[in-house]
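Nothing fancy with the numbering, it's 1 onward along the sequence.
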Amino acid sequence: MSTPRLNRRLLLETPIRQSDNAGGFTTIWQPLGSLWAQVTARTGREAAQMGAPISAVSYRIIVRGAPSNTPQRPKPEQRFRDGDRIFLIQAVAEADDDGRHLTCFATEETAI
């Protein structure tokens, strides 16, 4: 594997469930910090979500490696933010044998 070009700064966020005082909850997103990344589009499709058409594009996002017990290591169900763009993380794996980089598989959904 060639050395990735980490040229895009993304904000890593984690979901926090808060009570809505009516027996339910709302989700807020807490920033964990910025990571430099290489973002590559993979595939795209059109789908319907709650009756509305959306465009869903999958991405491969490479970031620097981090130990599994640290907050700097992305996890599924977290997300990356780039301004108004949101990339929901589905899976994370080591990108190389030395663990220097991680590959995050993420999806960006946009209303059509």
Determine whether Val39 and Ile62 satisfy the following criterion, side-chain contact (heavy atoms from CB on, under 4.5 Å), listing intermediate values before the conclusion. CA-CA 7 Å; Val39 180; Ile62 298 177; over 6 Å; no
Going through the checks in order, is the side-chain contact (heavy atoms from CB on, under 4.5 Å) test met by Leu6 and Arg64? CA-CA 8 Å; Leu6 306 179; Arg64 285 191 179 87; 3.7 Å; yes
So Glu13 and Gln78, side-chain contact (heavy atoms from CB on, under 4.5 Å) or not? Walk me through it. CA-CA 6 Å; Glu13 299 179 326; Gln78 291 180 335; over 6 Å; no
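A 4.5 Å side-chain heavy-atom check between Arg8 and Asp82 finds at least one atom pair inside the cut-off. Between Pro76 and Val92 the shortest side-chain heavy-atom distance falls below 4.5 Å. Glu94 is listed as a side-chain neighbour of Leu102, based on a closest heavy-atom distance under 4.5 Å. Residues Thr14 and Ile16 have side chains in contact (heavy-atom distance under 4.5 Å, counting atoms from C-beta outward). Within the 4.5 Å cutoff, no side-chain heavy atoms of Leu11 are placed close to those of Phe80. Side-chain contact between Ile89 and Leu12 is present, with at least one heavy-atom pair separated by less than 4.5 Å.
Considering all non-hydrogen atoms of both residues, Gln38 and Pro4 come closest at OE1-CA, 3.2 Å. Between Val63 and Ala37, the shortest heavy-atom distance links the atoms CG1-CB, 3.8 Å.
Evaluation of the side-chain hydrogen bond (donor to acceptor under 3.5 Å, both in side chains) rule for Arg17 yields no partner, not counting sequence neighbours. Applying the side chain to side chain contact (heavy atoms under 4.5 Å, CB included) test to Gln90 and every residue at least two apart in sequence or in another chain returns Leu88, Thr107.
Counting heavy atoms of neighbouring residues, nucleotides and ligands inside a 6.0 Å radius, atom CG of Asp97 does not exceed 12 of them. With a 6.0 Å radius and a threshold of 12 heavy atoms from other residues, nucleotides or ligands, Asp84 has its CG atom at or below the threshold.
The cationic group of Arg79 lies under 6.0 Å from the six-membered ring centre of Trp29 and within 45° of the ring axis, placing it in a cation-pi geometry.
Taken to the nearest 0.5 Å, the OG1 atom of Thr43 stands 12.5 Å off from the CZ atom of Arg60. Between the CH2 atom in Trp36 and the CG atom in Asn7 there is a gap of 8.0 Å [rounded to 0.5 Å].
A side-chain donor-acceptor contact under 3.5 Å links Arg81 to the backbone of Gly83. Checked by atom type and distance alone, the side chain of Asp20 pairs as donor or acceptor with a backbone atom of Ala22 at under 3.5 Å. No donor-acceptor pair under 3.5 Å is formed between the side chain of Gln18 and the backbone N or O of Thr26. Ser55 places no side-chain N or O within donor-acceptor distance of the main-chain N or O of Thr110, the cut-off being under 3.5 Å.
A side chain to side chain contact (heavy atoms under 4.5 Å, CB included) with Pro74 is found for one member of Leu35, Thr103, Leu32 and no other, namely Leu35.
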